[in-house]
Student: 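Next up is a structure, given as structure tokens.
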Amino acid sequence: SMKKRKMQKGILICLSLFLTIYFAGCVDNSNRNPVVTLTINSDNENLNENGEGIGGTIQIELYPDKAPNSVAYFIDFIMNKTYDNFSVSKVFSGSIVQFGDPWMSKRIHTEIEGEFKENGYEGNDVEFKRGTVGLDRFVKDDYNSASGDFFILLSDEAGKSYTGKYAAIGEVISGMEVLEKISNIKCYPDYEPVYSIRTLSTTVDLKGVTYEKPITRERRTYPGVNTD
């Protein structure tokens with residue numbers, strides 16, 4: 001009957017609506033990648049257009065499936081508070097913001113092998129582009145000298161010389177405008193900021209996933225010292 005057909009149609013519409021909502025929910029939950037929040041301490045002398053210290057938050061989604069040991073290393077630094085009060089060490093206007101510890105105030109005594117193509121690691125196919133986060137190397141020509149410093153790209157153009165040559169570990173999902181402001185602060189000829197700018201805190205939402213400790217080795221090179 002007409003009534004029965006209408007009822008069946010109504011049930012089918014309800015069912016398809018339910019399945020759509022259910023699977024949309026499932027898709028959201030399937031992304032278990034950790035999300036990092038960097039909070040920039042606004043108590044600094046790098047002023048924005050309103051004459052206030054530059055501050056704000058930057059969120060990064062990490063890619064543990066692409067660079068598992070590099071991501072584990074990064075998470076370990078967050079957990080032991082190394083990335084709290086961590087400095088912006090270099091800025092290239094509209095191009096790169098680098099966070100690092102060239103002054104060894106954080107006493108980092110480990111390093112890891114580089115998870116990128118040019119170092120014989122095939123699992124990391126992340127392309128460097130605007131928003132990509134990568135691990136820096138302490139010694140430019142030593143592919144296994146990453147020891148905590150990291151950088152974020154602000155342009156696709158800048159990424160061309162990094163893809164396959166550095167370990168990409170994730171991507172900025174919010175706060176690019178904060179990084180743009182940081183990239184334009186006053187700096188010395190060696191690109192080091194004139195006025196200190198640091199993180200206030202760095203936290204990570206692991207989304208219930210447990211990460212193993214990273215595989216590290218003893219650091220071989222320090223500022224001004226080569227222990228090889």
Student: Nearest 0.5 angstrom please: Lys106 NZ to Thr82 OG1, how far?
Tutor: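 Result: 6.5 Å between the selected atoms.
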Student: Check whether any side-chain heavy atom of Thr37 sits under 4.5 Å from a side-chain heavy atom of Thr202, and report yes or no.
Tutor: no
Student: Could you tell me which non-hydrogen atom of Ser147 sits nearest to which non-hydrogen atom of Ile108, and how far apart they are?
Tutor: O-CG2, 3.4 Å
Student: Atom CG in Asp76, atom OG1 in Thr216: separation rounded to 0.5 Å?
Tutor: 8.5 Å
Student: Would you say Asn184 and Ser93 are linked by a side-chain donor-acceptor pair, where the criterion is simply a distance under 3.5 Å?
Tutor: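 Per modelled atom types, Ser93 and Asn184 side chains form a pair under 3.5 Å.
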Student: So that I can tick it off, tell me whether Glu111 and Arg217 are bridged by a salt bridge, with the cut-off set at under 4.0 angstrom between side-chain N and carboxylate O.
Tutor: yes
Student: With clusters defined by side-chain heavy atoms of hydrophobic residues (ILVMFWY) lying less than 4.5 Å apart, directly or transitively, does Leu135 cluster with Phe128?
Tutor: no
Student: Does CD belonging to Glu122 count more than 12 external heavy atoms closer than 6.0 Å?
Tutor: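 More than 12 heavy atoms, drawn from other residues, nucleotides or ligands, come within 6.0 Å of this atom.
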Student: Checking Asn124 side chain against Phe116 main chain: does a donor-acceptor pair fall under 3.5 Å?
Tutor: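 A pair under 3.5 Å: no.
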Student: Can you tell me how far CD1 of Ile182 sits from CD of Glu180, rounded to the nearest 0.5 angstrom?
Tutor: 10.5 Å
Student: At their closest point, which heavy atom of Ser95 faces which heavy atom of Ala158, and how far apart are they?
Tutor: OG-CB, 3.6 Å
Student: When the side chains of residues 164-179 are checked against the rest of the protein, which donor-acceptor pairs come out under 3.5 Å, sequence neighbours left out?
Tutor:
{"unit_1": "Glu171", "atom_1": "OE1", "unit_2": "Tyr63", "atom_2": "OH", "d": "2.7"}

Student: Kindly state each residue pair satisfying ring pair (Phe, Tyr, Trp, His ring centres under 6.0 Å) with at least one member in residues 189-217, sequence neighbours excluded.
Tutor: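 Sorted result for residues 189-217: Phe92-Tyr191.
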Student: Could Arg219 and Phe138 be counted as a cation-pi pair, given that NZ or CZ must be under 6.0 Å from the ring centre and within 45° of the axis?
Tutor: yes
Student: Would you check if Val35 and Leu62 make a side-chain contact, meaning some heavy-atom pair closer than 4.5 Å?
Tutor: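 No. Closest side-chain heavy atoms not under 4.5 Å.
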Student: Any donor-acceptor pair under 3.5 Å linking the side chain of Lys90 with the backbone of Phe151?
Tutor: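 It does not hold such a pair.
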Student: Got a donor-acceptor contact below 3.5 angstrom from the Tyr143 side chain to the Glu115 backbone?
Tutor: no
Student: Is a side-chain donor or acceptor of Ser145 paired with a backbone partner of Val139 at a separation under 3.5 angstrom?
Tutor: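 At least one qualifying donor-acceptor pair exists.
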Student: Would a single hydrophobic cluster contain both Leu206 and Tyr83, if residues Ile, Leu, Val, Met, Phe, Trp and Tyr are joined by side-chain heavy-atom contacts under 4.5 Å?
Tutor: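 Both belong to a single hydrophobic cluster.
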Student: Within the structure provided, determine whether Asp101 and Trp103 are in side-chain contact (heavy-atom separation under 4.5 Å).
Tutor: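 Touching, per the 4.5 Å side-chain cut-off.
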Student: One pair to check against side chain to side chain donor-acceptor pair (under 3.5 Å): Ser30 and Arg32. What are the steps and the verdict?
Tutor: CA-CA 6 Å; Ser30 72; Arg32 305 279 301 277; over 6 Å; no
Student: Indicate whether any N or O donor in one side chain lies under 3.5 Å from an N or O acceptor in the other, for Thr163 and Glu127.
Tutor: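 Checked: Thr163/Glu127 side chains show no N/O donor-acceptor pair below 3.5 Å.
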Student: Does some side-chain heavy atom of Lys129 sit less than 4.5 Å from a side-chain heavy atom of Leu153?
Tutor: no
Student: Would a 4.5 Å heavy-atom cut-off, applied to side chains only, mark Ile75 and Pro34 as touching?
Tutor: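 Yes, their side chains come closer than 4.5 Å.
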Student: Can you name the nearest heavy-atom pair linking Arg107 to His109, along with the distance?
Tutor: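 Taking Arg107 first and His109 second, the nearest heavy atoms are O-CD2, 3.3 Å.
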Student: Please confirm whether the backbone N or O of Asn48 pairs with a side-chain atom of Lys181, one donor and one acceptor, at under 3.5 Å?
Tutor: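 No, because the side chain of Lys181 does not come within donor-acceptor range (under 3.5 Å) of the backbone of Asn48.
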Student: Do side-chain atoms of Asn44 reach the backbone of Asn41 as a donor and acceptor pair under 3.5 angstrom?
Tutor: yes
Student: Mind running ring pair (Phe, Tyr, Trp, His ring centres under 6.0 Å) on Phe77 and Phe74 for me, showing each step along the way?
Tutor: CA-CA 5 Å; Phe77 282 130; Phe74 198 77; 7.9 Å; no
Student: Check the pair Thr132 / Tyr162 against side chain to side chain donor-acceptor pair (under 3.5 Å), numbers first and verdict last.
Tutor: CA-CA 10 Å; Thr132 308; Tyr162 288 90; over 6 Å; no
Student: Is the CG atom of Asn85 crowded by more than 12 outside heavy atoms at less than 6.0 Å?
Tutor: yes
Student: Can a donor-acceptor pair be found between the side chains of Asn144 and Glu113 at a distance below 3.5 Å?
Tutor: no
Student: Could you state the interatomic distance from CD1 (Ile197) to OG (Ser87), rounded to the nearest 0.5 Å?
Tutor: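 Output value for this atom pair is 10.0 Å.
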Student: Please round to the nearest 0.5 Å and tell me the distance separating atom CD1 of Ile112 and atom OG of Ser70.
Tutor: 4.0 Å
Student: Could you tell me whether the side chains of Ser196 and Arg198 share a donor-acceptor contact shorter than 3.5 Å?
Tutor: yes
Student: Is there a donor-acceptor contact under 3.5 Å from the side chain of Asn69 to the main chain of Pro214?
Tutor: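 Pair absent, no side-chain N/O of Asn69 close to backbone of Pro214.
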Student: Assess the residue pair Phe99 and Phe150 against the criterion (ring pair (Phe, Tyr, Trp, His ring centres under 6.0 Å)); give the C-alpha distance rounded to whole Å, side-chain angles, the decisive distance to 0.1 Å, and a yes or no.
Tutor: CA-CA 5 Å; Phe99 292 82; Phe150 63 96; 4.9 Å; yes
Student: Would you find more than 12 non-hydrogen atoms of other residues, nucleotides or ligands less than 6.0 Å from Leu47 atom CG?
Tutor: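 More than 12 heavy atoms, drawn from other residues, nucleotides or ligands, come within 6.0 Å of this atom.
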Student: Could you tell me whether the side chain of Val36 reaches within less than 4.5 Å of the side chain of Ile78, counting heavy atoms only?
Tutor: yes
Student: Short question: side chain of Arg130, backbone of Leu154 - any donor-acceptor pair under 3.5 Å?
Tutor: yes
Student: Between atom OG of Ser89 and atom CD of Glu192, what is the distance when rounded to the nearest 0.5 Å?
Tutor: 8.0 Å
Student: Do side-chain atoms of Thr199 reach the backbone of Ile40 as a donor and acceptor pair under 3.5 angstrom?
Tutor: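 No; judged by distance alone, with no hydrogens or angles, the pair does not exist.
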Student: Is it true that atom NZ of Lys207 has more than 12 heavy atoms of other residues, nucleotides or ligands lying nearer than 6.0 Å?
Tutor: yes
